[in-house]
Amino acid sequence: MTRYNALKADAHWQSVWDERRTFAADDHSAKPRSYVLEMFPYPSGRIHMGHVRNYTMGDVLARYRRMIGHEVLHPMGWDAFGMPAENAAMEKGVHPGSWTRANIATMKAQLKRLGFALDWTRELATCEPDYYGHEQALFLDLFAAGLVYRKESSVNWDPVDMTVLANEQVIDGRGWRSGALVEKRKLSQWFLRITDFADELLDGLAELKDWPDKVRLMQENWIGRSQGLQFRFRLSDAGEVEVFTTRPDTIFGASFVAVAADHPIAQALAARDAEVAAFVARCKQGGTTAAELETQEKLGFDTGLTAQHPIDPAVRLPVYIANFVLMEYGTGAVFGVPAHDQRDLDFARKYDLPVRRVVSDGADEDPVFVGDEAYTGPGALVNSHFLDGMDVADAKRAIISRAEGEGWGTGTTVFRLRDWGVSRQRYWGTPIPIIHCAACGPVPVPNDQLPIVLPEDVSFAVPGNPLDRHPTWKHVACPSCGVDAVRETDTLDTFVDSSWYFIRFASQPDDRPFDRTVAEEWLPVGQYIGGVEHAILHLLYARFWTRALRHIGKLDVAEPFAGLFTQGMVTHETYKSDDGRWLSPPEVENGIETATGRPVTVGRVEKMSKSKKNTVDPEPIVDQYGADAVRWFMLSDSPPERDLPWSEAGIEGSWRFVQRLWRIVTADKAAEGDDLALRKLAHRTVRDVAGDIEGLQFNKAVARLYTLASAIEKAAPSHDRHAAAHTLLLLVAPMVPHVAEEAWVAAGHDGLIADAAWPTVDPAMLVDDEVTVAVQVNGKLRDTLTLAKGTAREELEAAALASDKVVRALEGKAPRKVIVVPDRLVNIVA
RNA sequence: GCGGACGUGGCGGAAUCGGUAGACGCUGCCGACUUAAAAUCGGCUUCCAUCGGAGUACGGGUUCGAGUCCCGUCGUCCGCACCA
């Protein structure tokens, strides 16, 4: 028996699949369609284990779907714009484009070595003009439809690097690279009107049945719809202040009005009064981290202004500037009802404001509210004029209709979701196709001038945006009036690139972003697989972009991803030397640091990360064990949504199984005779593994395949054994495709196993004629009986009572009651 | 603080409907083959123990029967966060 040579077989079959274009999807196929997609990678340099796990899962599903006769679209590409390329440019002096393209070449070769069934004919990279040019066209379509606008917005500005920083690049208020104190700067930036779609994005979640509940909930909270009343208070200085509340029913319990420190009213007062200015400045101090906010004291500053109650003009509420009111949410101003809101109560107690009960818990109707715990539960309105006696919901409706009738307020829905700011003051991104003209304002670049290509001759040696500094690139004539004008030098957020790549995969004509008819044949993506870290932003933006395209009549698809699966991470033990250095796995052997011979502290199993040195590079592992062993390991043991702990022993176990498969299938010979039990097991396994793969429960499929493999090994030669070995080979083919192809040939088959059909199940083989029945006495298992399936209740009961073990357990007591579940169990209660 | 998920052997985990807990894999141990080793094959591997008993984080409950359902407690992880 020859040992299976994985490396040789890997290379051979990969080139065969390539040459035959086995996995290229046919747009004109009459077969049922399956669009299987994993989140495309950022070309950071090398493939990591997380990629391997992600793409292996999608690959098994894609290959399985092909075997059951689907036309499968399973493409791959590169999310190739982004800051790491610019960082590399600054650190190593390489051009971001060269760096990115070299990484793509490396990673593509690495992916190929894993034998993924990908349609490489549709490969795309977002950093190439033949992708981002079409993105510019789509951006202009949205612009024409009024879904793009420009407004002032503040950014984190690094005054040394002269660059805008993302929030995660600001560490303790300083730029991560320069260490300079970061300033807030107002810049005019482009926004997409995602908030116009807030309602449909929220309501659409309900239809996404094949999404994890967790992700739907996260998006729901992120969109954050609140319904309430927006209304105006008249101020004592003749001005007005507009507030939003979700509890308009409690309006008669109001005892103060509070505005944010950057609210226009506060700003106006601060401009005149140094004391106010000092307070406003104080509000802006302090961090915005969770812990800081939680412990931060509620501070208020009494402006001396008063607000007139909209219904009872005799009531005048003091107006405070308060540090807990956010300008970004609602109207930047609130009214405080201390009896029924905890934060308002804390504030009222601190500044000695009245606390008036307006909702009764049923026990207490006294207008004077005592205690330090606000009542937020249900009840009847009290001390509230015409609202008295109503429940909370009725009172809300009554007050909103009165406000609308009298013209001082309106029922409103407020969202937490903000419009999507897409401007980035960066080089390595999609240029925003707009020209700024002094006379005409912002003018879209005419479609026939697209793509607006990034200039290649840029330098990162000097700080600032290279596009802005470039001597000629931005200077152009206004397309509208012809006078000298300048290009927009901001580029698009890379989340825009990933908001439509799945559409471009489905259809990629040269002259437009996609062909509507072809794209609609494939979309939506049937199964999308990726990390949970994209649960909100990427998935929400892609949903928005798709709906926006539908809105402007470009594509009739509401939701881009019908099914979503978020896979767990690949983890590894961590190791520390006795002097506290992190050690990488190869530096450690049997708990000893090989270099020093000293013992090592084994830490917790954690996500693979460079900082903790617990990463395992897939490439040498593939070199050593072959692609199939790595793929098999990725599917084994851990449920795919949970973390997978990488282990040396585990990969060796997988390698052994690949070898064992090879032996089982190649040593198997045609023979005579039946083995009904094995035949039944094989059919059951076909059915169950199919279900497991469809449900992405690969760990269960793996366990079943081990069981079938062991049963075949133990069985005596027979016709059924021969058939079972053949079945086993087909079942493992989506998971370990290289050894499967090799064994397919060795068994004398023509063609590729990749093109073979999934085995059919004979329903007759799924029924058992014998069953094992559990026999319990008082709920405790005492015996098991093997009986014909469908044995009558009376017979079951009699057989159970006749069991020696039951008789012993009864200790002479008479059964009081006997529960019989046919074909399952008998429970004797004594 | 709010919201959510989870808690099963030495480890990863299985048990789809309330019906035989621990499938399958890893580790470990014993044995076969071998001059020897590797590879491979066979057996054992929840705990305590003599019969037998206990056991799915802990404490209660419902039920003939609970890993699974309900209530409470503890713990771990994730998301959001002064949201009006």
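If you're wondering where the values come from, they're calculated on a predicted model, not measured in any experiment. Note that these values count all heavy atoms, side chains included, but never hydrogens, waters or copies made by symmetry. Just so we're on the same page: letters track the sequence lines, and every chain starts at 1.
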Measuring from the side chain of [X] (C-beta onward, heavy atoms only), which nucleotide among [options] has the closest atom?
X        : options             : result
A/Thr707 : B/G13, B/C41, B/C24 : B/C24
A/Pro639 : B/A14, B/U20, B/C82 : B/A14
A/Arg343 : B/U20, B/C82, B/G12 : B/C82
A/Val821 : B/G19, B/U40, B/U16 : B/G19
A/Glu713 : B/U27, B/C64, B/C41 : B/C41
A/Ala703 : B/A23, B/C82, B/G3  : B/A23
A/Trp222 : B/C80, B/C24, B/A14 : B/C80
A/Leu326 : B/C83, B/G25, B/U27 : B/C83
A/Arg416 : B/G12, B/A81, B/C41 : B/A81
A/Arg642 : B/G19, B/A14, B/A84 : B/A14

*Report yes or no: is there a donor-acceptor pair, N or O only, under 3.5 Å between the side chain of A/Lys700 and the base of B/C24?*
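No, no donor-acceptor pair under 3.5 Å.
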Would you tell me if any nitrogen or oxygen in the side chain of [X] comes within less than 4.0 Å of OP1 or OP2 on [N]?
X        : N     : result
A/Lys780 : B/G53 : no
A/Arg704 : B/A14 : no
A/Asn827 : B/G19 : no
A/Ser647 : B/C11 : no
A/Arg663 : B/C41 : yes

Atom [atom1] of [X] to atom [atom2] of [N]: distance rounded to whole Å?
X        : N     : atom1 : atom2 : value
A/Met218 : B/C77 : CE    : P     : 17 Å
A/Arg782 : B/G52 : CZ    : P     : 9 Å
A/Phe633 : B/C26 : CZ    : C1'   : 9 Å
A/Asp783 : B/G52 : CG    : P     : 13 Å
A/Lys214 : B/C80 : NZ    : C1'   : 14 Å
A/Asp341 : B/C2  : CG    : P     : 14 Å
A/Arg225 : B/G3  : CZ    : P     : 20 Å
A/Lys298 : B/C82 : NZ    : P     : 9 Å

Report yes if the distance between the aromatic ring centroids of [X] and [Y] is under 6.0 Å, otherwise no.
X        : Y        : value
A/Phe633 : A/Phe657 : no
A/Tyr320 : A/Tyr351 : yes
A/Tyr375 : A/Phe369 : no

*So what is the 5' to 3' dot-bracket string for RNA chain B, if pairs are Watson-Crick or G-U wobble with both distances under 3.5 Å, crossing pairs use [ ] and | means the partner sits on another strand?*
(((((((..(((......[....))).(((((.......))))).(((...)))..(((((..]....))))))))))))....
If the [atom1] atom of [N] is compared with that of [M], how far apart are they to the nearest Å?
N     : M     : atom1 : value
B/G52 : B/C74 : P     : 41 Å
B/U56 : B/G3  : C1'   : 27 Å
B/C83 : B/G13 : C1'   : 41 Å
B/A36 : B/U50 : P     : 37 Å
B/A5  : B/G10 : P     : 28 Å
B/U73 : B/C64 : P     : 28 Å

With heavy atoms under 4.0 Å as the rule, sort [X] into base, sugar-phosphate or nothing.
X        : result
A/Tyr329 : base
A/Ser638 : sugar-phosphate
A/Thr772 : base
A/Val325 : base
A/Arg656 : sugar-phosphate

_Which residue is it: A/Leu766, A/Leu731, A/Leu728? I am looking for the one with a side chain to side chain contact (heavy atoms under 4.5 Å, CB included) to A/Val686._
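The single option meeting the side chain to side chain contact (heavy atoms under 4.5 Å, CB included) with A/Val686 is A/Leu731.
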Table please: side-chain donor-acceptor pairs of residues 784-800 of chain A below 3.5 Å, with sequence neighbours left out.
unit_1	atom_1	unit_2	atom_2	d
A/Thr791	OG1	A/Ala788	O	2.5
A/Arg793	NH1	A/Val820	O	3.1

*Taking syn as within 90° of 0 and anti otherwise, name the glycosidic form of B/C17.*
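With its glycosidic angle within 90° of zero, B/C17 counts as syn.
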_Give me syn or anti for B/G9, where syn covers glycosidic angles within 90 degrees of 0._
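Syn conformation for B/G9.
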May I ask you to check whether [X] and [Y] show a side-chain donor-acceptor distance below 3.5 Å?
X        : Y        : answer
A/Arg543 : A/Gln219 : yes
A/Arg357 : A/Ser384 : no
A/Ser803 : A/Asp783 : yes

*Interatomic spacing from NE2 in A/His572 to CG in A/Leu644 - rounded to 0.5 Å*: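 Nearest 0.5 Å value for the NE2-CG distance: 11.0 Å.
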*Electrostatic pair A/Arg225-A/Glu220, nearest N-O below 4.0 angstrom*: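 Between A/Glu220 and A/Arg225 there is no salt bridge, as every charged N stays at least 4.0 Å from the carboxylate O atoms.
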_Surrounding NZ of A/Lys350 (heavy atoms of other residues, nucleotides or ligands, distance under 6.0 Å), is the total greater than 12?_
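Check passes, neighbour count above 12.
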*On RNA chain B, nearest-nucleotide positions of A/Asp688 versus A/Val829: which is more 5'?*
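Its nearest nucleotide being more 5', the pick is A/Asp688.
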